[in-house]
Amino acid sequence: ENVLTSGGSREAGLAAARAEFYEGSIARAICTFHEENGGWLRMSDLASFEVNPTPAESLRVFGATVYTCGPWCQGPFLLQILALMQFDDLASMGHNTPEYLHLLIEAVKLAAADREAHYADPDFTDVPISKLLSIEYNRARRSLITDMALGPEGFVSGDPDTTVTAPTPAFEGAVPELGNAQDTSYLCVIDGDGNCFSATPSDGVSGGPMIPGLGLCPSTRGSQSRMDPEHASAIAPGRRPRLTPNPAIAVFDDGRIFPLGTPGGDVQCQAMVQVFLNYAVFGMNPQEAVEAPRVSSYAFPNSFAPHDYFPYLLKLESRIASEVSKALVRQIF
């Protein structure tokens, strides 16, 4: 009989369950499978793993303080898009008009360039997140958005110390198709006391082997690391890949709490920005904000290998008027 069945405390039970997974028979089964198949995972890797809670990143914008996870994932990408859009009167532009969507799309490109250049495991990389979110920096970056769409030459990250730009590599590939692959999960709950929980517990089974006898697949998130040793998120021992899952919570100045998150890889932050602005700026209720048609840009390197890059690829949901899509095309050519 062990602590899991002997009526011990909840804390003791959780510790015993964790020890079994990371140091006991489950860990041995995982590592044996890896060794037998040429993998690198070892018992010492699992035994030394622990989660270190870190403070959220935040930005006060559009009447709310938006909280995200740090730059070990793409969480601040959401904040940077909003930071670039805060200088414009979005309500007067109108929802899903060419003017509004053009600003959104170009802000996504500029924020994605900084994500590509700077975001990484902060235990290994000094990420200048406070400068990337500053008013001064984003005002300067906003000035780069004109009436025409930024092409490959415009996909440049900003140096937050001097607000000058530097080129970022781009990768070409086949145009991605929409499929029915299993995707990320998102969960949020607000209880009667106002406690809010927002989580993206995503580690799918696609792309990796199932461990015989366990019915689980160790994380395949390593595919979000980079093989280029000069890249901010280069693969290295103990270094976390820059993940795409990124839950968020917006706390409005009047006390309203608005958790948000979604499946979608690199589309996540783009969709979350649109849902947030639908609610915060355009006055939609939560259901309307989620159901309103959205756009997504692919004009930056994908977070997943082989990190394809499509400078002029934009996807619009079919409920967006064709006149709008035609106007956006005219801004490219």
Side-chain angles (χ1 to χ4, degrees), residues 1-35 39-58 65-76 120-125 127 129 182 184-205 208-222 224-225 236-251 255 257-263 268:
E1 187 175 49
N2 57 39
V3 71
L4 294 175
T5 60
S6 62
S9 69
R10 178 177 184 273
E11 290 75 13
L14 290 172
R18 187 192 186 285
E20 179 67 14
F21 189 96
Y22 287 99
E23 302 176 56
S25 62
I26 296 176
R28 284 192 294 274
I30 293 172
C31 293
T32 297
F33 179 83
H34 272 257
E35 290 189 58
W40 296 343
L41 194 64
R42 297 294 183 265
M43 289 288 288
S44 59
D45 297 317
L46 291 176
S48 62
F49 174 78
E50 60 180 326
V51 175
N52 297 312
T54 55
E57 301 296 340
S58 65
T65 301
V66 183
Y67 298 90
T68 70
C69 297
W72 53 268
C73 71
Q74 66 170 335
D121 185 345
D123 291 342
F124 289 78
T125 303
V127 183
I129 194 66
Q182 295 178 348
T184 293
S185 298
Y186 173 72
L187 173 68
C188 62
V189 178
I190 303 177
D191 68 14
D193 295 321
N195 297 304
C196 181
F197 176 80
S198 180
T200 314
S202 175
D203 232 342
V205 298
M210 192 72 68
I211 305 299
L214 295 185
L216 59 82
C217 173
S219 176
T220 58
R221 289 288 173 182
Q224 296 192 288
S225 293
R239 180 183 290 178
R240 290 172 287 180
R242 188 202 72 210
L243 303 178
T244 45
N246 64 107
I249 298 176
V251 180
I257 303 173
F258 193 80
L260 65 162
T262 181
Q268 288 183 35

Looking at Tyr22, I'd like to know if the NZ or CZ of Arg18 sits under 6.0 Å from its six-membered ring centre while staying within 45 degrees of the ring's axis. yes
Shortest non-hydrogen separation from [X] to [Y] and the atoms involved:
X      : Y      : answer
Met210 : Leu216 : SD-N, 3.2 Å
Cys196 : Pro259 : SG-CB, 3.7 Å
Glu23  : Arg28  : O-NH1, 4.0 Å
Pro241 : Ser225 : CB-OG, 3.2 Å
Ala199 : Tyr186 : O-CD1, 3.0 Å
Pro212 : Phe33  : CD-CD1, 3.4 Å

Set of residues satisfying side-chain contact (heavy atoms from CB on, under 4.5 Å) with respect to Ala248, sequence neighbours excluded: Thr68, Leu78, Leu260, Met272
Sequence-distant partners of Ser58, side-chain contact (heavy atoms from CB on, under 4.5 Å), two or more places apart: Thr65, Tyr67
Derivation and outcome, side chain to side chain contact (heavy atoms under 4.5 Å, CB included), residues Leu187 and Phe197: CA-CA 8 Å; Leu187 173 68; Phe197 176 80; 3.9 Å; yes
Side chains of Thr244 and Arg221: any donor to acceptor distance under 3.5 Å? yes
Hey, are the side chains of [X] and [Y] touching, using non-hydrogen atoms and a 4.5 Å cut-off?
X      : Y      : value
Gln268 : Gln74  : yes
Pro247 : Cys69  : yes
Thr200 : Thr184 : yes

If you measure from [atom1] on [X] to [atom2] on [Y], what distance do you get to the nearest 0.5 Å?
X      : Y      : atom1 : atom2 : value
Cys188 : Phe258 : SG    : CZ    : 9.0 Å
Ile211 : Cys31  : CD1   : SG    : 9.0 Å
Leu243 : Ser219 : CG    : OG    : 7.5 Å
Glu57  : Asn246 : CD    : CG    : 12.5 Å

Using the side chain to side chain contact (heavy atoms under 4.5 Å, CB included) rule, take Ile30 and Phe21 through it: C-alpha gap first, then chi angles, then the decisive distance, then the call. CA-CA 9 Å; Ile30 293 172; Phe21 189 96; 4.2 Å; yes
Is there a donor-acceptor contact under 3.5 Å from the side chain of Thr125 to the main chain of Pro122? no
State whether the side chain of Asp193 and the backbone N or O of Asn195 hold a donor-acceptor pair below 3.5 Å, judged by distance alone.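 No; judged by distance alone, with no hydrogens or angles, the pair does not exist.
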In plain terms, say whether Asp123 and Arg240 are close enough for a salt bridge, that is, a side-chain N and a carboxylate O under 4.0 Å apart. yes
